[in-house]
Amino acid sequence: MNRVFVCSCFGVTEAQVKQHAENGACTPRQIASACKAGTDCGSCVRRIQAILGRGAYPRRDLADQGRPVLSEHAEATELGEAA
């Protein structure tokens, strides 16, 4: 298996960053909360930004619009319920 590391400090791969993005993380800070990538030396933050900015993650579009990105919260908002 070919692993492309994004964060050498914590051994986080590009596939892991993409998985966290698919699960709702749409900013480098949210990726950091999920797996620590970007919290040590910081050299991977630009790479994380590039991965997140590719448009492959629909929640990123919601975040750019200032809308909620977590699925439970987004669904409740769409239904008019208070979350």
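Every heavy atom of this structure was used, including side-chain atoms; hydrogens, water molecules and symmetry mates were not. Quick caveat, the model's predicted, so the values are computed rather than measured.
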Donor-acceptor list for residues 31-44 side chains, cut-off 3.5 Å, not counting sequence neighbours:
unit_1, atom_1, unit_2, atom_2, d
Ser33, OG, Arg29, O, 3.2
Thr39, OG1, Lys36, O, 2.6

Less than 4.0 Å between a side-chain N and a carboxylate O, is that true for Glu14 and Arg47?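 Yes, Arg47 and Glu14 are salt-bridged.
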
Step by step, work out the side-chain contact (heavy atoms from CB on, under 4.5 Å) result for Val12 and Val17. CA-CA 7 Å; Val12 179; Val17 171; 3.8 Å; yes

Write down the atom of Gln49, the atom of Pro28, and the distance for their closest heavy-atom approach. CG-CG, 3.5 Å

Ignoring hydrogens, what is the shortest heavy-atom contact between Ala21 and Leu52? Give both atom names and the distance.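 So the minimum-distance heavy-atom pair works out to CB-CD2, 3.7 Å.
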
Do the side chain of Gln19 and the main chain of Ala15 share a donor and acceptor less than 3.5 angstrom apart? no

To the nearest 0.5 Å, what is the distance between NZ (Lys18) and CG (Asn23)?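 Output value for this atom pair is 14.5 Å.
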
Grouping I, L, V, M, F, W and Y whenever their side-chain heavy atoms are under 4.5 Å apart, do Ile48 and Phe5 come out in a common cluster?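 No.
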
